[in-house]
Amino acid sequence: MPQPQESHGPVFYGVALDSALMLGTAQYPSPDVLAAAFRAATPAVATVSLRREQGGGQDFWRLVQGLGTRILPNTAGCHSVKEAVTTAHMARELFDTRWIKLEVIGHADTLQPDVLALVEAARILCEDGFEVFPYCTEDLTICARLIEAGCRVLMPWGAPIGSGLGLNNAYGLRTLRAHFPDLPLVVDAGIGLPSHAAQAMEMGYDAVLLNTAVAKAGDPAGMARAMALAVRAGRAAFLADPMGPRDMAAPSTPVIGKAFLA
């Protein structure tokens, strides 16, 4: 039986990380609050939107560099293949990394990925040497196409971005995990509570990526710390090989040796 090893995080494109928590850098009420949240959670990865960085200028870039966390730039807000690919090239030049979180949004209200454009953009970027982290749905066929395009990590949504609804399709996420047992998988978007993060890790996911749940909490640093603990607890529970659910009760006290009165 494997023993929990809380210090061991996922491996993405050959890079071993020391935490399964990935944290976004948007929507915090102030730079100081952002920095405090990262100190509390010590995530392995910070996601940064190129547009957010441009809006904050050099001050924001210095803040991100000071977090001491690996940077994963993203193509947030892109709605076409051309826009996403162009943004990815700009991010590679600016952040000096081949990692890119690829978002191609297809629906304005739900921010659901345009999965057809996502596969096309992923293929273009993988062929150009990027190491792509695609924000996708839990659809098995689309995920297979992304792998064929060259992606070695998948990031299915739990629920719409910023909704805090948790894991809307737990069955689909479990099926995806079972179908690709050796591929790093990250639940991205929709996490609102530490219990949601723990649930994803209990399913065997390698990491969770969240932003709004921490940035919009009354105490962002406190919530960041809670999320970090939840991720570790969920991973430890997965490694402990938990019992499966039962339809009927099962006594926890043995009946052997019990005295029966006539």
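Along the sequence shown, the residues carry numbers beginning at 1.
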Problem - Note: D18-R70 ion pair, threshold 4.0 Å (strictly below) - result: no
Distance (rounded to the nearest 0.5 Å) between [X] [atom1] and [Y] [atom2]:
X: R235; Y: M201; atom1: CZ; atom2: CE; value: 6.0 Å
X: M155; Y: M22; atom1: CE; atom2: CE; value: 4.5 Å
X: Y28; Y: T212; atom1: OH; atom2: OG1; value: 9.0 Å

Under 4.5 Å between any side-chain heavy atoms of [X] and [Y], yes or no?
X: P184; Y: P10; answer: no
X: L21; Y: L210; answer: yes
X: V15; Y: E131; answer: no
X: L154; Y: L146; answer: yes

Between [X] and [Y], is there a donor-acceptor pair closer than 3.5 Å when you use the side chain of the first and the backbone of the second?
X: D206; Y: V186; answer: no
X: H89; Y: T86; answer: no
X: S49; Y: N74; answer: no
X: T25; Y: T47; answer: yes
X: Y13; Y: C151; answer: no
X: Y135; Y: W157; answer: no

Side-chain donor-acceptor contacts of residues 33-43 below 3.5 Å, not counting sequence neighbours, with atom names and distances?
none

Can you give me every donor-acceptor pair (side chain of residues 113-126, partner residue at least two apart or in another chain, under 3.5 Å) with its distance?
from, atom 1, to, atom 2, distance (Å)
D114, OD1, L116, N, 3.4
D114, OD1, A117, N, 3.2

Exercise for the section: Name all residues meeting the side-chain hydrogen bond (donor to acceptor under 3.5 Å, both in side chains) criterion together with T137; count only those two or more places apart in sequence or in a different chain, and write none if there are none. Expected result: none
Problem - Side-chain H-bond candidate by donor/acceptor type, T175 with E138, under 3.5 Å - result: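 E138 and T175 do not have a side-chain donor-acceptor pair below 3.5 Å.
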Exercise for the section: Look at the rings of F12 and W99 and say which category their plane angle falls in: under 30° parallel, 30 to 60° tilted, over 60° perpendicular. Expected result: perpendicular
